[in-house]
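The block underneath contains the structure these notes are about, expressed in C-alpha cells.
Atoms considered below: every heavy atom in the structure, side chains included; atoms not considered: hydrogens, waters and symmetry mates.
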Amino acid sequence: MKAIVDCNSFYCSCERVFRPDLDSRPVVVLSNNDGCIISRSDEAKALGVGMAAPYYQNKDIIDKNGVAVFSSNYNLYGDLSHRVMDVLRKLVGPQQVEVYSVDEAFLDLFDAPHAQLESFAIRIKETVECWTGIQVSIGIAPTKLLCKLANKLAKKDKRGTGGTMVIETADQQKKALEETMIDELWGVGRQYAMKLKNLGIETAWQLRNMPEEWARKHLGGVVGVRLIKELNGIPCIPMKDPLETKQMIATTRMFGKPVQRLSDLKEAVATYTSRAAEKLRRQHCAATLLDVFVVTNNYAGSYRYNPQTRHRAAKLLEATSNTNELFKVAMPMVESLYHAGSNYLKAGVMLGGLVPDGSIQGAIFREHEKHHVKDLMTAVDNINFSMRDNAVKYLASGLARNWKMRQDMKSRRFTTRWDELYKVK
DNA sequence: TCTGGGGTCCTAGGACCC
DNA sequence: TCTGGGGTCCTAGGACCC
C-alpha cells in the first residue's frame, strides 16, 4: 500500500501559521509578479475565486470580502515544506518518502499492517499538524493514482473521515471510482477529459472498465494503459528514488514590466544563468546543453496578450557548471535573439544533458585551471547560502535591475532570516 | 495596466547507419 | 533500369502535473 500526504492550501496555510488572526478570513497567495492567484483558502474558494485566475480580474471580489492577499514568499514556503517532509521521514523512514512537490509526498507503506491503515493515517496527520502547524489530507490505496483519488475524496469531506481516506477493498474502490468524475483524475487534463466525454465516459468507474487496447488507441498509448491499470489497483507508477537528480534545470521569469533594451535583457539572462548554475552545482551536475529563450508581445494593433517565444540552443563542447563558461555561451545567444523595438515580457535559461560533475571529460591541459574555478564556485555558493540571497553576484547580472519582478505584498521570512523573526512582544 | 515557474513523460518524424 | 528493411539517435512538440 501507498499513501499520499497533501498539505491543504499550502501557501495560504504557511501564511496563517504566523498570522493566526487570518484563521477564519479568506486568504489568497499570488504568483511571481503578483500576476495570478496560485493558492486559495477554503473561504476564498467559496467566494468563487478561481485557481490560476489573474489577480486583477478578481480584485473586486477580493476587496469586497476583505480577502487577505500575499505575494509569494518562497523562502518561507520552502522552509515549512522541509519541516513537513522531515516529520514524514521520522514517522515512516527516510527511504519510504518520495517528495512529489513542495506540498505533497508519497509514502511507501509496504509493511504497514492492513487493519491499522486508518489509524496510521490519523496519527501521521495529527503529528504533522501538531509539529508544523500545517494541515494535511491523506489518501491511502494500492496505487499512486488511487491514492490521489482517495486524497481528493478525503478533502471533500473533512468532517466525515477527518481528512483521511483508505481505498483498499473492491467495494471501497468501486464506490470511490463511481463518485469521481474523469476530469478530477490525476493524469486526465482538459484534452483527455474532452475526448473521454465525447466517447460517453463520465466517471472513473466507467474508465476503469474499458479494455487496455482501447486506452492504448485513444489515450496517448502507454499513458492510457497505465491509467487503466492504476485504476484497477495494479501499480504501474513506481516510487522514485529520493536521491535521483533532475534531468533538466530551468530558471525563467516574467519581468516586472516589459523591457526594450538589450542591456536589460542581457542582465536578466545573466541572472537566470547564474541561478540555474547554482541549482546545477547543488545537485553536483554539469550541463552539456544550454537553451536561452525570450518572449515578446508586440501588441499588433491591439492589447491582446499574444506572447511569442524564440529560442536558441547550444551544445557545449565540455560539460560545465561554471557560471562564467555558461555566460560566454549565453550572452551571444541573447544578442542574436534580440530585435530592437520589441517588447520583452519574459526570458529564461534551461540547462540539459546533465552529467555528474565527478565524471566531466575535458581538455587535459586545463585540469589545473579547472580546480581553481571549482573552488571559486564553491566559495561563491557558500557565501550566498550563509549570508543572504546574492551577497556575491556577477556584474553581468546588473545593478539597476529594471526588469525585476513585482512583489508588493510579501510577508516576512519568519523562519530563515534573523532580522525577520516573528516578534512575540 | 495587469495572465507564474518550474518539471516529467511520451510520440512522431527526420537524419543517419548498415 | 532497378531502389529494402531494420535499427539508432536526436529534436520538437503535446499533454500533463503542482
Report which part of the nucleic acid Asn32(A) touches: base, sugar-phosphate, or nothing (heavy-atom distance under 4.0 Å, all strands).
sugar-phosphate
Find which nucleotide of DNA chain B each of Gly221(A) and Lys346(A) is nearest to by heavy atoms, and output the residue with the more 5' nucleotide.
Lys346(A)
Please state how far atom CD in Glu104(A) lies from atom P in dT8(B), giving the value in whole angstrom units.
16 Å
Within 45° of the axis and under 6.0 Å from the centre of the six-membered ring of Trp205(A), does NZ or CZ of Lys174(A) qualify?
yes
Parallel, tilted or perpendicular: ring planes of Phe18(A) versus Tyr422(A), cut at 30 and 60 degrees:
tilted
Quick one: which of dC10(B), dC2(B), dG7(B) gets closest to the side chain of Val223(A)?
dC10(B)
Grab the NZ-P distance between Lys217(A) and dT11(B) for me, whole Å please.
16 Å
Basic-acidic side-chain contact under 4.0 Å: Arg413(A), Asp79(A)
no
State whether Phe106(A) and Lys144(A) meet the cation-pi test: NZ (Lys) or CZ (Arg) under 6.0 Å from the six-membered ring centroid, and within 45° of the perpendicular axis.
yes
Within the 4.0 Å heavy-atom criterion, would you say Asp103(A) contacts the bases, only the backbone, or no part of the nucleic acid?
sugar-phosphate
Please work out if Arg275(A) contacts a base, only the sugar-phosphate, or nothing of the nucleic acid, heavy-atom cut-off 4.0 Å.
nothing
Starting at CG of Leu196(A) and ending at C1' of dC16(C), how long is that distance when rounded to a whole Å?
14 Å
State, to 0.1 Å, how close Gln260(A) and Pro258(A) come at their nearest heavy-atom pair, and which atoms those are.
NE2-O, 4.0 Å
Which part of the nucleic acid, if any, lies within reach of Ser72(A) when heavy atoms closer than 4.0 Å are counted: base, sugar-phosphate only, or nothing?
nothing
Watson-Crick or G-U wobble partner for dC18(B), using a 3.5 Å limit on both distances?
dG5(C)
Separation of dG7(B) atom P from Trp186(A) atom CH2, nearest Å, is 18 Å
What is the distance, rounded to the nearest whole Å, between atom CG of Asp291(A) and atom P of dG6(B)?
14 Å
Could you check whether Lys246(A) gets within reach of a base, just the sugar-phosphate, or nothing at all, counting any heavy atom under 4.0 Å?
sugar-phosphate
Classify Lys148(A) by what it touches in the nucleic acid, base, sugar-phosphate, or nothing, heavy-atom distance under 4.0 Å.
sugar-phosphate
Using purine N1 to pyrimidine N3 plus N6-O4 or O6-N4 for Watson-Crick, or N1-O2 and O6-N3 for G-U wobble, each under 3.5 Å, what pairs with dA12(B)?
dT11(C)
Keeping the roles fixed (side chain from Glu230(A), backbone from Cys236(A)), state whether a donor-acceptor pair exists under 3.5 Å.
yes
Using the side-chain heavy atoms of Tyr56(A), tell me which of these nucleotides is nearest: dG4(B), dT3(B), dC17(C).
dT3(B)
Categorize Ile37(A) for me: base, sugar-phosphate, or nothing, with a 4.0 angstrom heavy-atom threshold over every strand shown.
nothing
CD1 of Ile237(A) versus P of dC17(C): gap in Å, rounded?
11 Å
What's Val102(A) touching, base or sugar-phosphate or nothing? Going by heavy atoms closer than 4.0 Å.
nothing
Can you check whether Arg226(A) has a side-chain N or O nearer than 4.0 Å to OP1 or OP2 of dC9(B)?
no
Touch class at under 4.0 angstrom, heavy-atom based, for Tyr192(A) against every strand present
sugar-phosphate
Indicate, with a heavy-atom threshold strictly under 4.0 Å, whether Lys279(A) touches base, sugar-phosphate, or nothing.
sugar-phosphate
Given atom CG of Leu149(A) and atom P of dC17(C), what is their separation to the nearest angstrom?
13 Å
Please give, in whole Å, the distance from dT3(B) C1' to Tyr55(A) OH?
14 Å
Under 4.0 Å between a side-chain N or O of Arg406(A) and OP1 or OP2 of dC2(B)?
no
Hey, does Leu30(A) reach any base, or is it just sugar-phosphate, or nothing, if we go heavy atoms under 4.0 Å?
nothing
Does the distance from a Lys or Arg side-chain N to an Asp or Glu carboxylate O, for Lys197(A) and Asp183(A), drop under 4.0 Å?
yes
Which value, in whole Å, describes the distance between the C1' atoms of nucleotides dG4(C) and dC16(B)?
16 Å
Considering heavy-atom distances to DNA chain B, does Ile38(A) or Glu244(A) have its closest nucleotide positioned more toward the 5' end?
Ile38(A)
Could you check which of dT8(B), dT11(B), dG4(B) has an atom nearest any side-chain atom of Met248(A)?
dT8(B)
